[in-house]
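Data block below; observations after.
Keep in mind it's a predicted model, so treat the numbers as computed, not measured. So that the names make sense, note that chain A is the first sequence line, chain B the second, and so on, each numbered from 1.
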Amino acid sequence: MSDLLANLNPEQLLAVTLPPQHALVLAGAGSGKTRVLTTRIAWLIQTGQVSPQGILAVTFTNKASREMLARLSTMLPAGLGHNARSIWMGTFHGLCNRLLRTHHREAGLPQLFQILDSADQLAAIKRMLKTLNVDDEKFPPRDLQHFINAQKEAGHRPHAVDVWDDYTRRRVELYTEYEAQCQRESVVDFAELLLRSYELLERNEPLRRHYQQRFRHILVDEFQDTNRLQYRWLKLLADEGRDGGAWLFCVGDDDQSIYRFRGAEVGNMRDFEREFKVSNVIRLEQNYRSWGNILDAANAIIRHNTDRLGKSLWTERGSGEPLRVFEAFNDGDEARWVVEEIQSLVRDGMSRADIALLYRSNAQSRVLEHQLFSSGIPYRVYGGLRFFERQEIKHALAYLRLIANPDDDTAFARVVNFPTRGIGARSLEVLQDAARTWQGSLYASVPHLAGKPGTVLGQFVRLIEDMRRDTRELPLPELVDHVLDASGLRAHYKSDKEGQERLENLDELINAAANFVAEMGADGEALAQPHALLADFLAHASLEAGEHQADAGTEAVQLMTVHSAKGLEFDAVFLTGLEEGLFPHENSILERDGLEEERRLMYVAVTRARERLYLSFAQSRMLHGQVRYNLRSRFLEEIPEGLTKWLSVPSARGRGAGFGGYFEPSRSPRVAAAPSPAQPSRDLGGLRVGQQVKHARFGQGVIVAAEGGGADARVQVNFGSAGLKWLLLAVAKLEAC
DNA sequence: AATCCTGAGCTTTTT
DNA sequence: GCTCAGGATT
């Protein structure tokens, strides 16, 4: 016990040992948040205040959940009946899945319902639009998907949607139809997992009471990332502190809320504080990660945001080095500089894996990758396809889904002709019609067909039925193995000269199945029913997309967006592309509170660095096929001068003073990397970035960016109160002044 | 059924 | 400028 609490700082100790009450912990970056959460769970259990079964722990990613479980297992001595695994721990979606499987009847679902990931959902929507002959130009599938998810996250079934125009009325009809289709096919999308289980708990009082009494303590990680529905879900179980509900222990950081675009609602933190009458918010402000200068910069930046709960990071470590700033001539030049610095860091003994290259948007990785590649530096890019999202894996899963649930039309449509077996668009159209007439799934409608479609489709149905029969007794990994052969997927990729990697991935799927069974190990009962276990495995595949791209060697520099860097830390961080329009991103400037979210993103980026932070920007950069001239980011200006050291001489004082001179950095001999391209010659009619201009209607302004050339030449002008405008030089009469 | 071609989109991402 | 999806072409 004393072991458990040793080395906690006073605030951490306070949070860990807080008596039963609703609590909000504001945990700054690098303040030991996960440690507090896991230690609190261990403390609650070890002091006998609650049994593991009485704890519900919610995380945002499966990765976080696994890490927490692993740390907890080392904290709880086994054998005392304190099995960390009997804690209900997982993501909101994982927990909802568990709830819905257990009470599928009450929730109105078959036991073997399948889960659609976003891509599956989009495919389902496209299929629906096609069936209904809806013009997908008028109702773009992506928009509709977004609309439906937004409604579900607001807790609205179709009848509850506010209809304010004909367009929305039609969208609501499509929402209704989509729901019907999902129900028919026994599939559930991500938002549905949440809404269904929310409704289940809300409407079924005995069930709600049961869980309210079972869970004494609910602990929520990354609380600033919860959406409205998730918060309501928590409220249902906590019952706002009235008798019977659980105590909520929410940990989060409003300054690191960067997912508003996907529904996260920072306001939940304030609401929680108010609605649950949280009396003392605990702040974890001592940082164990970074040098003081880095924290000072982060604090200075985030101070520009209003509407914060308020927090300031500090450290017992010293100030460390100044932040290094580099102004590049263009994006390629920036990449060359990054590579040189990396080489120098590695020469000095830093591990490449401890170096991260961060950028605002994925498109920026290309130039960096190119430069790393030609310099022979191993690197690893995060993002892109994950294991269970790969084409070959999706195909294999589709066969498995058909075995578990033949009514899954999404899976049916995906593989009915893959590998190709002569089932073309015509046959499928005939089948679609039949399905509509008979009000059944595609699979179930096949027997109603005659002629050639009936024959080829009949063969496919028989194939699936044979698979189901032949795998009934097989352990999961062998089941998967069998399906890979029987479906013809293996043969197909074997004959494909570029199918080698895909074949390896298919084998990896067997491993994934084996690992899954091993994880489930303790649960003996599930093993008795291979096809029930299969459904669990499929849910696992949907809920956990798996690791990002395979690693390109272990000792590799890490490239990722700032978003994906959240929660990670590195000895050295390169924060590239610090330019207006890029970071903060131009789209965010128009959004309400968009700039504040960008600033939080900047805050997240800066606090990733332990030892050394590099900040860079380029005077010009290729974007959307055109050279763009950007100002350096306002966020750079928000860092106090004393904390930075310029490696290049600033092009001019202040921002927007034009394309100043380009200087070789005075330090380390810089290879005269490919003769720098000549200064851009742009016909801006004697105008340049930074110049004051006058416009007949908007008045005085300053040119902040320029793009295009000749007849297309455009400039962006900041007219102050009149706003930021893009103006075509050929049209707008701008007067230099 | 495979391959070529055109055009739209282009910030961030987990579940 | 690059990628991806879907349509048109062979």
Length of the line joining A/L543:CG and B/dT13:C1', which is rounded to integer Å: 16 Å

Check: A/R98 side chain, A/G94 main-chain N or O, donor-acceptor pair, under 3.5 Å: no

Which nucleotide in C/dG1, B/dT11, B/dT15 has an atom nearest any side-chain atom of A/S118: B/dT15

Chi angles and distances behind the salt bridge (charged side-chain N to carboxylate O under 4.0 Å, His left out) call for A/R600, A/D255: CA-CA 6 Å; A/R600 292 193 290 268; A/D255 290 334; over 6 Å; no

Ring centres under 6.0 angstrom apart (A/H395, A/Y493): no

Touch class at under 4.0 angstrom, heavy-atom based, for A/F60 against every strand present: sugar-phosphate

Atom-to-atom span, CZ of A/F190 to C1' of B/dT13 - whole angstrom: 12 Å

Sugar-phosphate, base or nothing in reach of A/E598, heavy atoms under 4.0 Å: base

Side-chain N,O (A/R386) to OP1/OP2 (B/dT15) below 4.0 Å: yes

Output a table of nitrogen or oxygen pairs between the protein and nucleotides 3-9 of chain C separated by less than 3.5 Å.
from	atom 1	to	atom 2	distance (Å)
C/dG6	OP1	A/K126	NZ	2.8

CA sep, side-chain torsions, deciding dist, call: A/E508, A/R502, salt bridge (charged side-chain N to carboxylate O under 4.0 Å, His left out): CA-CA 10 Å; A/E508 191 53 39; A/R502 297 197 192 271; over 6 Å; no

A/S588 and A/E591 side chains, donor-acceptor separation under 3.5 Å: no

Touch class at under 4.0 angstrom, heavy-atom based, for A/N62 against every strand present: sugar-phosphate

Candidates B/dA2, B/dT11, B/dT14 - which lies nearest the side chain of A/R262: B/dT14

Touch class at under 4.0 angstrom, heavy-atom based, for A/E591 against every strand present: base

Whole-Å gap separating C1' (B/dT12) and CD1 (A/I589): 15 Å

Value in whole Å for how far the C1' atom of B/dT11 lies from CZ of A/R142: 14 Å

Toward the 5' end of DNA chain B, by each residue's nearest nucleotide, A/N417 or A/H624: A/N417

Any A/N362 side-chain N or O less than 4.0 Å from OP1/OP2 of B/dT11: no

C1'-based separation of C/dG6 from B/dT11 [nearest Å]: 24 Å

Distance test, side-chain N/O of A/T561 to OP1/OP2 of B/dT13, below 4.0 Å: yes

Centroid distance under 5.5 Å and plane angle under 30°, A/F92 vs B/dT15: no

Residue closer to the 5' end of DNA chain B, A/T91 versus A/H585 (nearest nucleotide): A/H585

Salt bridge (charged side-chain N to carboxylate O under 4.0 Å, His left out) assessment of A/R157 paired with A/E199: CA-CA 11 Å; A/R157 290 299 177 185; A/E199 289 170 345; 2.9 Å; yes

Side chain of A/R360 (C-beta onward), nearest among B/dT11, B/dA1, B/dT15: B/dT11

Rounded distance in Å - OH (A/Y259) to C1' (B/dT12): 7 Å

Heavy-atom check, side chain of A/L219 versus side chain of A/L56, under 4.5 Å: no

Nucleotide B/dT13, atom C1' - distance to NE2 of A/H146 in whole Å: 12 Å

Nearest-angstrom distance from the residue atom CG of A/D120 to P of B/dT14: 16 Å

Flag, side chain of A/T420 to backbone of A/N417, donor-acceptor distance under 3.5 Å: no

Rounded distance in Å - CH2 (A/W233) to P (B/dT15): 16 Å

